[in-house]
Amino acid sequence: VSASENDLDSLDATAASGEIPSAVDGIWRRRRRAEHGQLGQIAGVTVLLVVVGLLASNDYQYTVLGLMMIYAIAGIGFYLILGMSGQFAFSHAATLGLGAYTAAFVSRDHGFWLSLLAALVVCAVISAAFKLLLWRASDFYFGIATLGLAEIAVIVFQAWQWFTGPAGNANILTVPNVFGWQVNSPSDYYWFFIGFFLVGMLVVYFFRSSAMYRETIAVRDKPLTAAGLGIRNTRNQLVVYVIGSCYAAVAGALFAQDQGFISASSFDLNLGIDLFVVVIVGGMYSMWGALIGAAFVVVLPQVIQSAQNYSQLIFATLLVVTIVLLPGGLMGLVGGLGQRARRMAGRVTSRKAADGGTRA
Amino acid sequence: VGTFVTVFVSGVSLGSISALVALGFIVTYKATGIINFAQGALVTLGGFFGFWLTQQVGMPWWAGYPIVLVLMFIVGVVIQLVVHAPLRGRSELVVVIATLGVGLVIQAVLLEIYGTETRNLPALLPGTVVHFLGADLAAYDLIVIGVSIVAIALLMVMFNVTQLGRQFRAASLDPEVAQLQGIPVRLISMFAFGLGGLLAGVAGLMLAPTSSLDTSIGFTAMISAFAAAVIGGFGRFTGVIIGALALGLVEQLGAQYVAYQYQAVYPFALMILVVVIAPRGILGGQSRVRV
């Protein structure tokens, strides 16, 4: 038994053994193991979030944590759009606002769950329509058009008072009811949001283990090759954009519910830029980047009081520093360390194997 | 006739500033293939440099403004060194986001120094009125239009006639081949970002007196300028002029005849409409936008 057969993580080693069937088998086993690993990660992070929730002691801390979860949920959607699909979109904040206002509008007469559903449907339909309208636009023009959409959205939120409320201010007075559990206090909201986050991560997990995921990566990195292989690039981008927008819709509805009061200025370009910071500083190519980025953007200014006054400067600087020095963001830093450790371990085992080979 | 001329000239003046802002990132784009999203912040910075030198230091404008332009050129080169040169080989999306980040840094620094209160940079020839075809025209509007015409003419000559312009176009078309032909691609990138910064300085100095100077003035102008550039087909000077003038007039007409609370929406709606109908701009076709 050669060492390479045990070392399924190293594709080269498996291929070097020369037997093609075992190489393919190795790829599949490796992938399945990685997927199980992701399920384990999701479970582990959920436990971690629960532990953090148990450690929090007062309403203020729960409020901050709740906001962090909302940013994380919106961030997952933006990770899908920006990181996974490579679409340059400023419209995520506007979609979030649309979700929030739709939820507020519906919750005037109906309960939370119906308002959430309405936010999802409206955001999915409008984002799909927007992407369909821009079907032929190149990536960069799409980015500029979303910038225009973000500007338009804030103005419309302010001006269309029948839908949004006087001067774009809306109050949300419903109390979500989960099988008789009234979600009312900040701590309740935190537990409630963890549930949504878990569902969101599971959706990402299923997405990542689908063929769609590999097509998306192909469209992002090698659009011409992808088109040549029969992947429909624009359709793929459309689907990912709509899925990502659904996350924004949920985050918007939860934001409206959590705050109880929303105004148009909450959803301007500053929020869009915060979302860029969340995804890029957290790690643009990792499904956990959004959570780390959200913790960074929401919790850090609360922990370091002196950072509060300079938060804009600090975030902007970190955005640039991250892009230039840490291409994978904070998650890339973590992943990079893990990979280096693994590679060093791999080098040791392969050297041992080589030694064994010469001796034999 | 009088009112029409007045409205027309103020619309053209509005469009000229958009065109000036747009010229900055178009020059950078033409030489490097990167859209500089820091352009809006650079425009703001130009305005504040002008405010600092003429109002706080107390220089006359003819001494202060050239210094502003030199400073802005240096800032542009620094941006190239910080986010363009080290990111060679990374995807253009990443470089563009990095320029956006630099813009945010500049804006945040200005916010720390000057705060949220608005400043006032006086116009050249304040209060002077020119009588033309029975209309009263603000002299400043005419100055803005004149400066834009000169800037655009100089750029067109530089790009289409001189050797430097050919090198610019070669560098953006295929950096590697251009490098092999002995074109100093790195220097050209630095120069392009510097020139973009300088043009942002011009735009900032022209824009600041038309409204009150605050730290977000440039970003809003940049979005309109993007709209102008998109309408005109990215990367073409003539297209940008037409796009900017169309936008200026649409905004003026929208303010006059259509629901005022949606006034700011019309230019963006027009831009999205243009991208929907003609994804390469109305005059586009030959200029291909990457990223």
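Quick note on labels: first sequence line is chain A, next is B, and so on, each numbered from 1.
- For chain B, the option among A/F315, A/F142, A/F276 with the highest count of heavy-atom pairs below 4.5 Å is A/F276.
- With a 4.5 Å cut-off on non-hydrogen atoms, A/I273 touches chain B through its side chain but not through its backbone.
- Between A/I152 and B/I272, the closest side-chain pair of non-hydrogen atoms falls below 4.5 Å.
- Between B/I97 and A/I280 the shortest heavy-atom distance is CG2-CD1, 3.2 Å.
- Contacts of A/V156 with chain B are made by both backbone and side-chain atoms, with heavy-atom separations under 4.5 Å.
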Pair B/L93, A/Q87 - check side chain to side chain contact (heavy atoms under 4.5 Å, CB included), show working.
CA-CA 8 Å; B/L93 175 76; A/Q87 298 181 57; over 6 Å; no
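- Of the atoms belonging to A/F130, it is side-chain heavy atoms, and not backbone ones, that fall under 4.5 Å from chain B.
- The two residues B/V275 and A/A137 make their nearest non-hydrogen contact at CG1-CB, 3.5 Å.
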A/F90 vs B/L100, test: side chain to side chain contact (heavy atoms under 4.5 Å, CB included). Steps then yes/no.
CA-CA 12 Å; A/F90 281 94; B/L100 177 72; 4.0 Å; yes
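- In B/R169, the CZ atom is crowded: over 12 heavy atoms of neighbouring residues, nucleotides or ligands sit closer than 6.0 Å.
- If you take CZ on B/F226 and CD1 on A/I144, they are separated by 4.0 Å, rounding to the nearest 0.5 Å.
- Interface residue B/V82: backbone and side-chain heavy atoms are both found under 4.5 Å from chain A.
- Each of A/V320, A/I323, A/L319 was checked for a side-chain contact (heavy atoms from CB on, under 4.5 Å) with B/V102, and the lone residue meeting it is A/V320.
- By the neighbour-count criterion of 12 heavy atoms within 6.0 Å, atom CZ of A/R235 is sparsely surrounded, having that number or fewer from other residues, nucleotides or ligands.
- If you measure heavy-atom distances from A/W135 to chain B, you find no contacts under 4.5 Å at all.
- Aromatic pair A/F88/B/F37: centroids less than 6.0 angstrom apart.
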For B/F219 and A/L269, what are the C-alpha separation, side-chain angles and deciding distance, and is it a side chain to side chain contact (heavy atoms under 4.5 Å, CB included)?
CA-CA 10 Å; B/F219 200 84; A/L269 272 170; 3.1 Å; yes
Apply the test side chain to side chain contact (heavy atoms under 4.5 Å, CB included) to residues B/L111 and A/L313: give CA-CA distance (whole Å), side-chain angles for both, the deciding distance (0.1 Å), then the verdict.
CA-CA 9 Å; B/L111 200 64; A/L313 183 58; over 6 Å; no
